[in-house]
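Chain A is the first sequence line, chain B the second, and so forth, proteins listed ahead of strands; every chain is numbered from 1. Below, all heavy atoms of this structure are taken into account, side chains as well, without hydrogens, waters or symmetry copies.
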Amino acid sequence: MAYYDEEDLDRFQEISRERPELFTAFMHWYDAVLQEGALTKREKALIGLAVAHAIPCPYCIDSYTQTCLDAGSNMEQMTEAIHVAAAIRGGATLIHGLQARRVVEKLSL
Amino acid sequence: MNAHPDNAFENRIAELGFSGLYSDRATTLQVNMGKVCNQACKHCHVDAGPNRTESMNRETIDQVIHALHAFHFETLDITGGAPELNPYFRLLATEAVQMGMHVMVRHNFTVQFTPGCEDLPQFFSSLGMEVIASLPYFLQQQTDAQRGRGVFAQSLQAMRRLNEAGYGQEDTNLLLNLVYNPAGAFFPPAQEALEQEFKRELLQRYQLKFNHLYTLTNMPISRFLHWLQQSGNEARYLKKLKQSFNPAALPGLMCRSTLNVGWDGKLYDCDFNQMLELPAGGETMRLEHLTEEMLQGRRIATGEHCFGCTAGCGSSCGGAIIQTGGVA
């Protein structure tokens with residue numbers, strides 16, 4: 001059994017079988033979020049790609065890579081977006097070093 | 001119920017209440033002068049290349065010139081292959097311009113480096129032809145991946161020659177329009193936004209100018225279909241085309257205002273149907289048998305590939321059909 005199957009993206013609708021009103025509400029919100037607004041569709045697609053890598057979710061990476069290509073992004077731009085996600089994840093890890101430092105300081109003579 | 005078990009496109013438009021796709025008055029004659037080309041692009045729906053030999057002969061050229069006059073076409077759209085490599089290309093273009101027609105040529109830039117073609121920018125400008133040139137991207141990697149190694153650098157040189165001949169400049173009427181094809185199994189982005197990006201990047205990086213950018217969807221036929229199959233992308237790409245069907249693209253489909261002629265004089269509804277050998281009017285007909293009745297209200301032969309022209313913002317030889325919004 002494959003844990004992640006690209007065909008699953010087409011089966012997303014099946015999540016609506018139980019509590020369809022919740023799924024419908026989610027989809028309306030999701031579609032509205034991704035519409036062009038103060039940010040372009042391309043910018044939103046790049047944010048989606050970065051988040052997909054930060055999560056990290058194979059479904060989202062597959063989907064948002066295609067969305068970025070359809071929106072006209074090139075691999076250089078997509079790589080920069082992924083680096084942004086990686087940098088923030090890295091920074092988040094490092095800043096938590098202060099937590100460790102604080103514990104060490106509390107426990108140390 | 002599917003009235004057309006082998007034609008998903010006919011079924012889809014039947015759901016909208018259409019009994020078929022019919023032409024308006026054909027005002028453009030698109031002439032494919034042959035499959036001979038100096039390039040062999042991975043996405044080419046013509047399967048054109050340096051090893052092809054099919055090329056329009058003088059007899060057919062004369063029939064084209066006669067038809068342009070007799071049926072009052074307004075525009076001559078010359079394509080190929082690389083049409084400039086046909087020995088009668090200049091004759092056809094000159095005759096059409098002298099008839100007062102708008103003449104456009106689908107140009108691949110690097111053909112200018114073929115012996116005997118060095119003066120093409122001057123030839124085009126002397127006739128005031130519209131040049132529609134292929135440039136997949138403003139970066140080398142994507143362009144060379146699609147069209148062959150070294151194509152990007154040569155394309156920039158050729159574009160500079162056209163700019164020097166007056167093409168793409170604000171103070172001339174010499175139109176240089178670029179064509180963008182996605183370098184893979186994905187859709188083109190919104191045409192207006194990409195045009196602005198191309199203009200900015202080509203000017204800043206290379207000091208090059210053009211008028212408009214046309215975004216085209218890659219057609220799942222011929223060489224591109226073969227690549228889709230080999231790369232495992234076929235099912236996904238076809239599904240994506242169908243899922244992105246946009247009825248708003250139907251009125252602007254180029255097949256509704258264009259008649260297409262193959263290198264051998266056979267008539268088709270579009271260049272894609274020509275490659276699939278789907279004849280206009282349902283049966284093989286040659287240009288010398290063209291009648292007024294065929295030019296208006298003709299039932300257009302369709303197939304699954306037609307989803308390529310109706311996906312998202314639509315796609316035609318003049319780029320996106322719907323000018324607002326984007327596919328993505």
Does the pair R236(B) and E7(A) meet the rule for a salt bridge (charged side-chain N to carboxylate O under 4.0 Å, His left out), with working shown? CA-CA 10 Å; R236(B) 200 177 202 183; E7(A) 300 297 324; over 6 Å; no
Here the gap from N74(A) atom CG to F138(B) atom CZ, rounded to the nearest 0.5 Å, amounts to 6.0 Å
Considering only heavy atoms, which portion of E197(B) lies under 4.5 Å from any heavy atom of chain A: side chain, backbone, both, or neither? side chain
Does D70(A) reach the main-chain N or O of F186(B) with its side chain, forming a donor-acceptor pair under 3.5 Å? no
Do any of residues 51-66 of chain A have a heavy atom less than 4.5 Å from a heavy atom of chain B, and if so, which, in residue order? D62(A), Q66(A)
Residue by residue, which of residues 94-109 of chain A have a heavy atom closer than 4.5 Å to a heavy atom belonging to chain B? none
Counting neighbours of CD on Q13(A) that are heavy atoms of other residues, nucleotides or ligands and sit closer than 6.0 Å, is the number greater than 12? no
Other residues, nucleotides and ligands only: do more than 12 of their heavy atoms fall within 6.0 Å of CD on E201(B)? yes
Student check: side-chain heavy atoms of K239(B) and D10(A) closer than 4.5 Å: yes
So do the side chains of L194(B) and R42(A) get within less than 4.5 Å of each other, counting heavy atoms only? yes
